[in-house]
Amino acid sequence: MGAFGIGQSVTRFEDPRLLRGEGRFVDDVNVPGQAHMYIVRSPHAHARIRAIDTAKALAAPGVIAVFTGDDLARDNLGTMDMTLKRKRPDGSPMFARPHTGLSRERARYVGDPIAVVVAASRAQARDAADLVVVDYEPLPSVTSTADAVGGAPVWDECPDNVSNVFEAGDRAATEAAFARAAHVVRRRYVITRVHAQFMEPRGVLGVWDAGEGKWTLYADVQYPHRTRNALASRIFKVPEHMIRVIAGDVGGAFGTKGWQYAEHRLVLWAARKLRRPVKWSCPRSEVIMADEHARDNVTDAELALDADGRFLALHVRTLANVGAYVSSDRNLLATFSNVGTLVGVYTFPAAHVEVLSVMTNTNATAPYRGAGRPEATYVIERLIEDAARELDRDPVELRRRNIIPAESMPYKNALGYAYDSGNFPKGMEEALALADYKGFAARRAEARARGRLRGIGIANAIEKAAGPQPEYAEIRFDPSGGATVLMGSKNQGQGHETTFKQILHERLGLDPHVVRYIDGDTERVAWGMGTMGSRSTVIGGTALWTAADKVIAKGKKIAAHLLECAEADVHFADGKFGVVGTDRTLAIADVARAAFQPGRLPRGLEPGLYETGTFSPAQDTYPNGCHVVEAEIDPDTGTVEIVSYKLVDDVGTVINPLTLKGQIHGGIAQGLGQALMEQVVYDAESGQLLTASFMDYAMPRADDFCDIEVHSNPVPTRLNPIGAKGAGEAGTVGALPAITNAVVDALAAAGVRGHFDMPATAERVWHALQEARRG
Ligand code: MCN
């Protein structure tokens, strides 16, 4: 409805403030008397800590305190214990150890926090940290996923390094299908370890207010209320109202800013101990050591086909590297709640998946844009292309033969996921047409004439988004007729202010300019789950819709009284209450004003107009789409250039085509980064982190992209009144396999027969070509 309603490409209301540099990120928040914290981190992948000498650091200029794990233990701080019940392969309970905040007897990865220095200035804290003497005895380590089982034990109590095993699907039916298959295609795919690389490195400021007897934590987290809950109930064991969490502007979070890092409890704890606010800002040079990482798994996949190329079964066994500490369900998210899309958009009669979570001397892995879904789509979409090459079939034909037909929707897949809506064949055909798939052979020939190797890659992406967990919204009118929207979700750059104002405009007709948007503060917003898993639009949006319905219901009672008619004769449309069959109307702002004047209300009606909505969907939505990518390789240097990127996406009802495009582009950028260059690398021998800064960790730049064309094939879902599906991760889910498939296709045409794994750096591509040349 109107210029600001659902479906309009409204430019973001939050942008002018951010572009003028008026945003308020954690590092912009400073309070009088604040001290600064610096964290002493382990330089070893694995070491026994024999002793820590803090005397010299304590004597350094400006130093207020130096704390170690012993100090935390003396104060009995709790930990984030795992609540998930899982088993190890031998049936014993899963092995998981949380981080204690500061490690005591052992350091278990490069970057493991060991001690903190609090000083008057950031520079003084940092200088004094060099004077903390830690007596380490280095121990053997393991960092590689493939070598984790049987490698040096990360924990003596778990000698094989297997934390737990997760299984899905039907093993017996899958084995039977393989036994009768005409062809079986087997491959091993390695998905690298990456870091989310937010524009704003993490930070926290902890304030203890002795007068009120409570803490305030300023933090760039994705779930402020859950952060409060975790700190209160698990770490400090105090009532939740003793902690206020405020997340202002967040410069990117992507899943790995999550909810609980050691630094959160450390600043709060130190602030109360020292009676002084304590701030910690992660130096850019430390982010890869300090943050959770993502992905990092090795998958053995097998596809069984009949003689006609029909898929009979899929079997997948994955080693997922969870790092040294498994502290919450979050650390296992990628390995347990998202493997069901391994069968993609295809009709598989049977499938079986086994994921072994293995521990290594590395940072914990956590959800990162897609959280298991890019990995799943990567495996199935690469396997299909490899099968097509091995069986000499056209990869598109193979997909057409096995894709779930529109008339089979809703469809329960072989791993138990219920795809509620979507038209996968239509999306794929539209994407192929958009990419001029038929004309590819001519483009490849033309590229060859220029000395370039050109390849095309396709990926049908599907993901599970916005699952059955609640979200909260509140609409608060003020006596002058304006409104404030308070959301339990947390904006990190997705354009929430704009999205939610559009939804509100659609339902209540409110001019977005008279609406104030608030999120991220546990004392202003009553409750919230927060933002992850592409859930905010679907669940937060529906919560807001629900609150708006309540506003309309109460507004009708007030309007009936003011318009002197029966409530049943009042209808609401375009921001106005009207009397059926007449031209008499009242604007919602007038009704809101009247709500605060008892004399204008019907007898017995409670004054005021503030309504809340809490929504929990019955099941997940399944956004999907088809990505078609073309890549060109310079055979002399191995350089890869992405020359065409087209996709057709189904996110159900589109709220804002412009911000949606931004989300898709951003998601593709993160997929492209991983496919072509990004990678966290450890030295196999010493466990040393070799890619600790941007000197060694390559990030994509604008000139690594081509124009990205995004079209829509929306099939609205019936799971919420808006019809929306999640969209925030969609770009990444398809980008990883589509880009890699394009590179592999170009290499295959040049005779590369061996296996090729990401990242497609110039060096790796060049070597693959040289090897092929040598035959
Ligand atoms: N949208 C739409 N129509 C839909 C769905 C979404 O127009 N049917 C648009 C809206 O503008 C909406 C945005 O897409 O605000 C994202 O919506 P949604 O899919 O609900 O995702 P969330 O808001 O829950 O964001 C989470 C998602 C995730 S899981 C990661 S990771 C990620 C992502 O968003 N992290 C981001 N995008 C990010 N973008 C930025 N700038 N920073 C991050 O940290």
Side-chain angles (χ1 to χ4, degrees), residues 5-15 18 196-200 202 220-223 247 249-258 294 333-334 338 366-374 463-467 469 471 487-503 506 517 519 528-544 617 620-625 649-671 710 712 714-717 719-720 722-733:
I6 288 178
Q8 302 301 316
S9 286
V10 179
T11 52
R12 302 200 320 179
F13 298 115
E14 48 265 69
D15 282 348
L18 294 172
Q197 304 294 5
F198 350 92
M199 279 218 267
E200 177 202 16
R202 287 190 304 114
D220 50 348
V221 289
Q222 297 174 228
Y223 340 131
D249 289 313
V250 176
F254 309 113
T256 51
K257 272 193 185 165
L333 189 70
N338 295 317
Y368 166 50
R369 213 160 188 174
R373 290 99 95 201
E463 57 169 313
K464 177 170 133 162
Q469 287 176 317
E471 194 47 275
M487 295 296 304
S489 49
K490 175 71 205 114
N491 194 10
Q492 306 132 27
Q494 294 91 342
H496 283 186
E497 176 173 350
T498 310
T499 307
F500 294 127
K501 283 183 174 178
Q502 282 184 259
I503 291 173
E506 180 76 25
Y517 174 81
D519 70 8
M529 278 292 286
T531 288
M532 76 277 174
S534 301
R535 69 191 299 277
S536 306
T537 308
V538 169
I539 312 182
T542 306
L544 186 59
D620 299 80
T621 62
Y622 288 92
N624 58 88
D649 235 322
D650 167 15
V651 300
T653 304
V654 176
I655 310 299
N656 184 328
L658 186 65
T659 53
L660 173 67
K661 210 178 274 185
Q663 283 294 299
I664 303 275
H665 284 191
I668 288 173
Q670 289 181 308
V710 187
S712 238
V715 182
T717 173
L719 293 167
N720 60 70
I722 302 170
K725 306 175 187 176
E729 296 155 289
T732 317
V733 177

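Numbering starts at 1 and runs along the sequence shown. Whatever order the structure lists ligands and atoms in, that order sets their numbers, starting from 1.
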Sidechain N-carboxylate O distance under 4.0 Å for E497, R12: no
Take N656 and S9, measure what side chain to side chain contact (heavy atoms under 4.5 Å, CB included) needs, and give me the verdict at the end. CA-CA 5 Å; N656 184 328; S9 286; 4.3 Å; yes
Go through it in stages, so that I can follow the logic: the residues are E14 and N491, the test is side chain to side chain contact (heavy atoms under 4.5 Å, CB included), and I'd like the CA-CA distance, side-chain angles, deciding distance and then a yes or no. CA-CA 10 Å; E14 48 265 69; N491 194 10; 3.3 Å; yes
Are any of the side-chain heavy atoms of M487 and H496 separated by less than 4.5 Å? no
Quick check on ligand 1: any N or O pairs to the protein under 3.5 Å? One line per pair.
| from | atom 1 | to | atom 2 | distance (Å) |
| --- | --- | --- | --- | --- |
| ligand 1 | 3 (N) | I655 | N | 3.1 |
| ligand 1 | 7 (O) | I655 | N | 3.3 |
| ligand 1 | 7 (O) | N656 | N | 2.9 |
| ligand 1 | 7 (O) | N656 | O | 3.4 |
| ligand 1 | 8 (N) | V651 | O | 3.1 |
| ligand 1 | 8 (N) | T653 | O | 2.8 |
| ligand 1 | 8 (N) | K725 | O | 3.2 |
| ligand 1 | 11 (O) | T499 | OG1 | 3.0 |
| ligand 1 | 11 (O) | T659 | OG1 | 2.7 |
| ligand 1 | 15 (O) | Q494 | O | 3.2 |
| ligand 1 | 15 (O) | T499 | OG1 | 2.7 |
| ligand 1 | 17 (O) | T537 | OG1 | 3.0 |
| ligand 1 | 19 (O) | A727 | N | 2.5 |
| ligand 1 | 19 (O) | G728 | N | 2.8 |
| ligand 1 | 20 (O) | S536 | N | 3.4 |
| ligand 1 | 20 (O) | T537 | N | 2.8 |
| ligand 1 | 20 (O) | T537 | OG1 | 2.7 |
| ligand 1 | 23 (O) | H496 | NE2 | 2.5 |
| ligand 1 | 23 (O) | S536 | OG | 3.4 |
| ligand 1 | 24 (O) | R535 | N | 3.1 |
| ligand 1 | 24 (O) | S536 | N | 2.9 |
| ligand 1 | 24 (O) | S536 | OG | 2.8 |
| ligand 1 | 25 (O) | Q494 | NE2 | 3.1 |
| ligand 1 | 34 (O) | Q494 | NE2 | 3.2 |
| ligand 1 | 37 (N) | R369 | NH2 | 3.0 |
| ligand 1 | 37 (N) | Q663 | OE1 | 2.7 |
| ligand 1 | 39 (N) | Q663 | NE2 | 3.3 |
| ligand 1 | 41 (N) | G493 | O | 3.2 |
| ligand 1 | 42 (N) | Q492 | O | 3.2 |
| ligand 1 | 44 (O) | A253 | N | 2.6 |
| ligand 1 | 44 (O) | F254 | N | 2.8 |

Taking NZ, NE, NH1 and NH2 as the nitrogens, is one of them in E200 or K257 under 4.0 Å from a carboxylate oxygen of the other? yes
Is there a side chain to side chain donor-acceptor pair (under 3.5 Å) between Y517 and D519 once you walk through the steps? CA-CA 7 Å; Y517 174 81; D519 70 8; 2.8 Å; yes
